[in-house]
Amino acid sequence: MKLFFLLVCLFIERGTPLCQKCFPSDFLWGTATSSYQIEGAWNISDKGENIWDWFVHTYPENITNQGNGDIASDFYHHYEEDIDLMANLSAQVYRMSLSWARILPNGKRDYISEEGVNFYKTIFEKLRSKNIEPVVTIYHWELPMTMHELGGWVNPEMADYFADYASVCYELFGSYVKYWVTVNEPYMQCIQGYGSGIHAPGITDTGVADYQCLYAQLLAHAKAYHIYNDTFKATQNGTVGIALVSQWYEPLTDSEEDKLAVERGMQWMWGLQMNPIIYGNWPQIVIDRIGNFSIAQGLNSSRLPEITQKDTALIKGSFDFVGLNYYTTFYASAMTENISDISYNSDRGIIQSSDKNWVLGANTWLHDVPSGLRKILKWISINYRSPRILITENGWSDLPEVVNDTERINYIQGHTCSLLQAKYVDQVDVFGYIYWSLTNSFEWKTGYSEGFGLIQIDFNSPNRTRTPRASYYYYKNLIETNCLKHCAFR
Ligand code: NOJ
């Protein structure tokens, strides 16, 4: 049946309703980047140092080929070119992030950098001149060092410092912004920055600090959300969300154990971030399991911090929309319990694996599994009260030198088709798709050894020459037609 559909659609002209499927006319299309990954100019003027500056300079060996973001794609000096490339793509939105220490060099609002503020105002003006709406992430992993020295994200007070910083952003840039994203992927920064330590700030306290960090970041998000609602929304009329990452999991076998492993996989990733925002608390399965393990490990209380009633009231319902960063799918199977091991991995208790038929990108984890996007969207919609969803990231990584990037085109085609199916067949409330990323950029731990960009960058040339890849033109056509040629509904 599937093959029949495919064959029919392959030979039928565009415009045949059976095969060509269109997005609603107000659907938002765009691309994303983040400040540390592209800007460079790490120590220009009075910009403060942040944890990524510090991490890559202190432990260069932690990054593939000792890469760092000192210059990156030098967006600081090439923003005009990049915004022109976005405009030529016909993109309606651009998801970008602000560098906290570029705006507030010592992290606090008592000293605001004029040069930092002017830089972002120039970007906003340029975007406005091209009719591109910014989707602005206030925090994408680059905590000022001064804040790190105060304890970073294991200090619950960080939520107040962040809220202060967010209110400075609203004051300064609110007239330009209709879509705010408070925090990018609390999960990744907390699990990798405070748990396994492979990301800045490199803290290795898995099963403890990672959960504390999640609490602080969710609280930070909620405070920033309320400040906007209470003080700025009436005049600025924008919306506030958060960008959460999640994989989708499939059971490795039909066994009950593997189905339970899937449930844990989802709850220890998506649930840890989203459950408090919708229901005011961690998922019950997470509370119970970590609580029981903690007692068996001889602790007096759970390693998972209890969310206070006051904070529940702040966190619950703190969003206008939810950003989903979806990249890939894994199989999950049950891991043998090892109570002596205090770690996020043991708490979660799953083994991840992949299908040998799934196409693999240029890293160890990214397989092209578009069906996962549709499934996770439906699952979120059913289990989290049908939130309004923006795809804040979805993207494919290949080797930096590839220009004829057929795999990326396949990935985008497959995932946008899944998105349409989720929207029209499953009735998921999704209102936009933002591809990660506009250009190749500093990919954290793997440096410049892989690239997600629609545009390739020559990182060896001082000019950082930009070359649009084949996928750039594919995506441009998709945005301009607003329709997919081959996307059967089922
Ligand atoms: C998620 C992060 O937000 C972004 O910074 C990163 O580059 C992409 N995923 C790809 O790994």
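Note that ligands are numbered from 1 as they come in the structure, with each ligand's atoms numbered from 1 the same way.
Within a 6.0 Å radius of CG in N404, other residues, nucleotides and ligands contribute 12 heavy atoms or fewer.
Across all their heavy atoms, S471 and I409 have their closest contact at CA-CG1, 3.7 Å. A pairwise comparison of heavy atoms in N184 and N325 identifies OD1-ND2, 3.3 Å as the closest pair.
Rounding to the nearest 0.5 Å gives a distance of 6.5 Å between CZ of F442 and CG of N68.
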N/O contact list for ligand 1, threshold under 3.5 Å:
unit_1	atom_1	unit_2	atom_2	d
ligand 1	3 (O)	H140	NE2	3.2
ligand 1	3 (O)	N184	ND2	2.9
ligand 1	3 (O)	E393	OE1	3.3
ligand 1	3 (O)	E393	OE2	2.7
ligand 1	5 (O)	Q37	OE1	2.8
ligand 1	5 (O)	H140	NE2	2.9
ligand 1	5 (O)	W444	NE1	2.8
ligand 1	7 (O)	Q37	NE2	2.9
ligand 1	7 (O)	W436	NE1	3.3
ligand 1	7 (O)	E443	OE1	2.6
ligand 1	9 (N)	Y327	OH	3.4
ligand 1	9 (N)	E393	OE1	3.2
ligand 1	11 (O)	E443	OE2	2.6

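A search for salt bridge (charged side-chain N to carboxylate O under 4.0 Å, His left out) contacts involving D347 returns R303, not counting sequence neighbours.
A cation-pi arrangement, defined by a distance under 6.0 Å to the six-membered ring centre and an angle within 45 degrees of its axis, is present between R102 and F119.
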